[in-house]
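In what follows, every heavy atom counts, from backbone to side chain, and hydrogens, waters and symmetry copies are set aside. Not measured: the values here are computed from a predicted model.
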Amino acid sequence: MDITTVNDRHLYQGRVVVQDPADPSRQIELPRRVVRFGPAGWLTVIAALTGDAEIELYPIGRVLAVTDLREAGVPGHDPGAGG
């Protein structure tokens with residue numbers, strides 16, 4: 001499934017730090033991830049923009065940091081084309 005079928009095409013690449021669901025006192029760092037802020041109350045995270053990549057959703061309450069953001073390119077999508 002393509003991440004843009006779940007969310008709109010406003011994607012970023014960056015570093016994500018989330019609370020470990022198995023042990024809330026621990027953190028999990030996810031470097032170089034493609035992220036989308038949404039759906040409401042969630043952060044959508046994917047490792048790469050490939051057809052077989054797994055899409056993960058993290059509730060905002062477990063997201064500790066999102067840093068080093070820059071716009072991610074979507075194959076076949078021109079971010080300057082108004083879309």
Inset, instruction - Check whether any side-chain heavy atom of T44 sits under 4.5 Å from a side-chain heavy atom of P39, and report yes or no. - result: yes
Legend entry - Backbone of P31 reached by a side-chain donor or acceptor of R33 within 3.5 Å: yes
Legend entry - Residue pair A48 / A53: nearest heavy atoms and the distance that separates them: O-CB, 3.3 Å
Legend entry - Interatomic distance, R36 atom CZ to Y12 atom OH [nearest 0.5 angstrom]: 9.0 Å
Legend entry - Verdict with reasoning, L11 to L49, per side chain to side chain contact (heavy atoms under 4.5 Å, CB included): CA-CA 10 Å; L11 303 175; L49 293 174; 4.0 Å; yes
Please list every donor-acceptor pair under 3.5 Å in which a side-chain atom of residues 56-66 meets a protein atom from a residue at least two apart or in another chain.
unit_1 : atom_1 : unit_2 : atom_2 : d
E56    : OE1    : Y58    : OH     : 3.1

Inset, instruction - Test L69 against V35 for side chain to side chain contact (heavy atoms under 4.5 Å, CB included), laying out the working first. - result: CA-CA 9 Å; L69 285 178; V35 300; 4.0 Å; yes
